[in-house]
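Because only heavy atoms are used, hydrogens play no part in the values below, and waters and symmetry mates are left out as well, while side chains stay in.
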Amino acid sequence: MVYRFADHFWNTDFNGTSGYETLITRLKDGKKLCDVFIDFLRARVKIEEDYGKSLIRLGQSAGTNDEAGTLKNSWNAVTKEAESIGTVHCEMAKKLNEMIDRTSKFREQQKNDRSKTDDKMRKLQRDKKNAYDTMLKNKRTYELRSKESQQCNDALDSKATYTPREEEKLKKNQFKAKTQAENADSIYQSSVKNLEDARNKWQLDMEDTCELFQRFEVNRIQFLRNEMWVYTNLESLQAVDIDHKSEDCRKVIEKCDENADIQQFVNIKQTGSERPAPILYESYAHHSPTGISASQSSHQLHVMGRNVMPPRSTSGPLVSVPRQPSVKEDAYASISEVRTARDGVARSGKGFYRVLYEYEAQGPKELCLKPGDLIEVLEIEDDLWALGRLSGKKGAFPLSFTEPWQH
């Protein structure tokens, strides 16, 4: 069931306008939400513009000339993504400005239409009230003249006999009073008819106005609802667009390869592969350089050997747990996990490795190593890491801290 304004905004007071005033107040209050919505959109435009421009400036000023290789490409992708996302926010601001223009035009159009109708209804209400006041005035005159005519009739009938002069005077007054009463009656009836015409015209226009105001209200609700829907859709599209920009960036970062960058750096910047020759002992007594003895040489090599060499690496890979092909590519997966999951490549190895250097686990899925420990190798992932079992615990360990061991 749909309620109609035309059925619910009347009152019994002939000159009462409370129903109409309720409707016109509703329309004026409805304009306030349009104003609030426009203010909201303007504030959002400023946020989008400021944030978008800041992101663009950040992306343009964050370049570096010191990096090379795939890592530089990844960094360039990150800065470019900042610029791209900044552009998305600036485009959002433009679309919101278009919504502001639409809402402003709708608000002004409704205001103009409402004002025209309000002016018309105010005039009809004044005409009806003037007709009512005129009717009351004519009614009082009619009642007064009728009373005077009745008094003249009573005066003529009050005596049984009159002198000819008295009777003539009384009949003359009676005729005059009767004529005035008849004229007042005619004027009164005419004013009642005019009032009824004014009432009928006002009532018909009031019904039309109620229907028109209801359409105004329906249009306003539908328009603002649709604009709010457009607003939320713009937010969704903005999120999708940003995700596409981020995906493009992720595709570049995924190609970042530490081995390729190391190889490129070595090829371009290498300074030589030969180490400095040792400084030999020179005997002062013989004033000539001599070599060290075989036992001294053996001791020196032992001191310089790998048993006391610092480990080749003290840091783990991107993640400290062995990577399996079933790893999900979610927001927290490392590039190595994504590659392993996609390629499904894992090298297997068997046997034992002996620990050369002490290693402190960097997480719960790594093994703590002490020199002399024997690790059962379960799987060799790459040149740097393997999965093994030590003292009943499985975990990842760095190969550079161990060496193959034979029984």
Side-chain angles (χ1 to χ4, degrees), residues 67-75 253-275 300-407:
E67 193 56 61
T70 58
L71 185 59
K72 180 179 181 180
N73 295 338
S74 298
W75 174 241
I253 297 175
E254 188 181 347
K255 297 177 182 178
C256 181
D257 185 272
E258 61 276 16
N259 294 327
D261 283 11
I262 293 296
Q263 182 176 351
Q264 179 180 355
F265 174 74
V266 170
N267 290 338
I268 297 175
K269 299 292 186 178
Q270 62 180 321
T271 60
S273 58
E274 293 189 8
R275 296 163 177 75
Q300 183 180 17
L301 290 175
H302 176 73
V303 172
M304 297 176 62
R306 67 183 176 186
N307 285 338
V308 294
M309 251 176 150
R312 290 171 292 180
S313 173
T314 58
S315 62
L318 291 177
V319 292
S320 60
V321 297
R323 300 176 290 279
Q324 301 296 332
S326 61
V327 174
K328 293 178 64 178
E329 293 186 36
D330 57 18
Y332 302 97
S334 71
I335 294 176
S336 298
E337 290 173 323
V338 174
R339 288 172 176 166
T340 303
R342 289 179 177 176
D343 299 340
V345 176
R347 293 178 293 172
S348 300
K350 296 182 179 179
F352 290 86
Y353 273 52
R354 183 168 63 90
V355 177
L356 300 176
Y357 314 111
E358 183 175 353
Y359 175 74
E360 187 70 25
Q362 303 299 304
K365 294 189 178 182
E366 292 185 2
L367 297 176
C368 290
L369 308 182
K370 293 182 180 180
D373 288 344
L374 290 180
I375 305 173
E376 181 185 358
V377 179
L378 303 177
E379 180 182 334
I380 297 178
E381 286 197 331
D382 50 36
D383 295 338
L384 300 178
W385 288 81
L387 177 66
R389 182 187 291 112
L390 177 61
S391 300
K393 178 182 178 181
K394 291 183 180 181
F397 66 93
L399 289 172
S400 60
F401 284 67
T402 64
E403 67 177 1
W405 180 80
Q406 299 294 332
H407 293 282

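- A donor-acceptor contact closer than 3.5 angstrom is absent between the side chains of Thr70 and Asp257.
- Residue Glu376 qualifies as enclosed at atom CD: its count of foreign heavy atoms under 6.0 Å is above 12.
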- Task: Carefully, step by step, assess Glu358 and Leu369 under the rule side-chain contact (heavy atoms from CB on, under 4.5 Å).
- Result: CA-CA 5 Å; Glu358 183 175 353; Leu369 308 182; over 6 Å; no
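- Of the possible polar contacts, none joining the Asp261 side chain to the Cys256 backbone as a donor-acceptor pair under 3.5 Å is found.
- Heavy-atom minimum distance, Trp385 versus Glu366: CH2-OE2, 3.8 Å.
- In this structure, SG in Cys368 is found 9.0 Å from CG in Leu390, a value given to the nearest 0.5 Å.
- Across every non-hydrogen atom of Lys394 and Leu367, the tightest pair is C-CD2, 3.9 Å.
- Here the shortest heavy-atom pairing between Gln362 and Glu360 reads NE2-O, 2.8 Å.
- The line from CG of Asn73 to CD of Glu67 is 10.0 Å long, rounded to the nearest 0.5 Å.
- Nearest heavy-atom pair, Ala68 versus Gln264, reported as atom, atom and distance to 0.1 Å: CB-NE2, 4.4 Å.
- Between Arg389 and Leu378, the closest side-chain pair of non-hydrogen atoms falls below 4.5 Å.
- Here Ile375 contributes atom CD1 and Tyr353 contributes atom OH; the two are 10.5 Å apart, rounded to the nearest 0.5 Å.
- Atom CG of residue Leu356 and atom OG1 of residue Thr402 lie 6.5 Å apart, to the nearest 0.5 angstrom.
- By the 4.5 Å heavy-atom criterion applied to side chains, Ile380 and Leu399 are counted as neighbours.
- Within the 4.5 Å cutoff, the side chain of Pro371 has no heavy atoms near those of the Tyr357 side chain.
- The CD atom of Glu403 sits 15.0 Å away from the CZ atom of Phe352 when rounded to the nearest 0.5 Å.
- In this structure, the side chain of Asn267 engages the main chain of Gln263 through a donor-acceptor pair within 3.5 Å.
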